[in-house]
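This report refers to the structure that appears directly beneath it.
In this text the structure is predicted, and so the values were computed from the model without any measurement.
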Amino acid sequence: MIKAIFFDVDGTLISKSRSVLSEGVIAALKQLQEKGIKLFIASGRHYLELDELGINAQFTFDGYLTLNGGYCFNQEGVIYKNPINSKDVERIVDHVTKHQLACSFVEGDDLYINLINDLVVAAQTAINTSLPPKKDVSRALINDVYQIDPFVTKEEIEELVALTQHCKYTQWHDGAYDIIPKQGGKQEGISAILDHYKIKVEETMAFGDGHNDISMMRQAPISIAMGNAIDEVKEVATYITKSNQEDGIEYACKHFGWID
């Protein structure tokens, strides 16, 4: 019996041309909750971005796995947090400052960037999100940082992560990456949430489409790739549904008999 479902946001719940939940998806989510299934966001995004998109106003999820599992919470408070090693943050701040690389830093309740360039504009436009506010990134040296998002080339991200000892990266757009702890990722956030709710991993499923979804797709016994998912996600998924533009979430839930 399924007791918990995890949903990626970009490319899964929403698309580039539809930055809100569709009526069909909302109806499906409500039916799932009415059956006692707990529903969770599982995204690389910050809660502030979900607010900006309007998703939080459209539907109340049971919990939120944000920043690729680095910061998880529900309506009652924080469930799990996994900040980036402070020495690694220091190395990254130093490198992007010296080389004038655009890079945003994400704290539990804030996000900011050192500079804006064409890579930043292109990536943020693609996900229907405004540009991060420019702030002095030296604040990252004294606050917990859960995710660092460089807007760089493939060579530059490899060079940047090589400077760290406890980090890895995932890609979310051409020229845009997420740096997170090596012992992190959506699978770690899911494990923490399941432990909090006393739910077995065998009782879960996940919907995703992108590179940062692969770890949670491998973890969930039922993993559903959107029709628009990248090939790597489709290869590890147990089922491929229709695209996000075709309400693939609703289609899959009906396919498995979870909703009418």
Open item on the list: If only side-chain N and O atoms count, and only distance matters, is there a donor-acceptor pair under 3.5 Å linking Q147 with D149?
Closed with: yes
Open item on the list: Does either side chain, that of E188 or that of N82, offer a donor lying less than 3.5 Å from an acceptor on the other one?
Closed with: no
Taking the basic N atoms (NZ, or NE/NH1/NH2) and the acidic carboxylate oxygens, is any pair closer than 4.0 Å for [X] and [Y]?
X: D110; Y: R139; answer: yes
X: K242; Y: E246; answer: no
X: D88; Y: R91; answer: yes
X: K186; Y: D213; answer: yes

Open item on the list: Evaluate R45 against D10 for salt bridge (Lys or Arg N to Asp or Glu O under 4.0 Å), listing each step before the verdict.
Closed with: CA-CA 9 Å; R45 283 189 182 266; D10 295 282; 2.7 Å; yes
Tell me whether the rings of [X] and [Y] are parallel (<30°), tilted (30 to 60°) or perpendicular (>60°).
X: Y71; Y: Y146; value: perpendicular
X: Y47; Y: Y64; value: perpendicular
X: W172; Y: F151; value: perpendicular

Open item on the list: Please say yes or no: joined through hydrophobic side-chain contacts below 4.5 Å, possibly via intermediate residues, are M217 and M226 part of one cluster?
Closed with: no
Are more than 12 heavy atoms from other residues, nucleotides or ligands located less than 6.0 Å from atom [atom1] of [X]?
X: Q171; atom1: CD; result: yes
X: K3; atom1: NZ; result: no
X: K87; atom1: NZ; result: no

Under 3.5 Å donor-acceptor pairs involving side-chain atoms of residues 250-260, not counting sequence neighbours:
| unit_1 | atom_1 | unit_2 | atom_2 | d |
| --- | --- | --- | --- | --- |
| E250 | OE2 | K254 | NZ | 3.4 |

Task: Q124 CD to S104 OG distance, which is reported to the nearest 0.5 Å - done: 7.0 Å
Report yes if the side chains of [X] and [Y] come closer than 4.5 Å at any heavy-atom pair, otherwise no.
X: I193; Y: F6; answer: yes
X: H95; Y: E159; answer: yes
X: Q165; Y: N85; answer: no
X: N244; Y: T12; answer: no
X: D62; Y: I37; answer: no

Open item on the list: One pair to check against ring-ring contact (aromatic ring centres under 6.0 Å, His included): F7 and F59. What are the steps and the verdict?
Closed with: CA-CA 13 Å; F7 299 91; F59 187 81; 8.7 Å; no
Task: Full working for salt bridge (Lys or Arg N to Asp or Glu O under 4.0 Å) between K30 and E34 - done: CA-CA 6 Å; K30 287 181 178 178; E34 287 168 1; over 6 Å; no
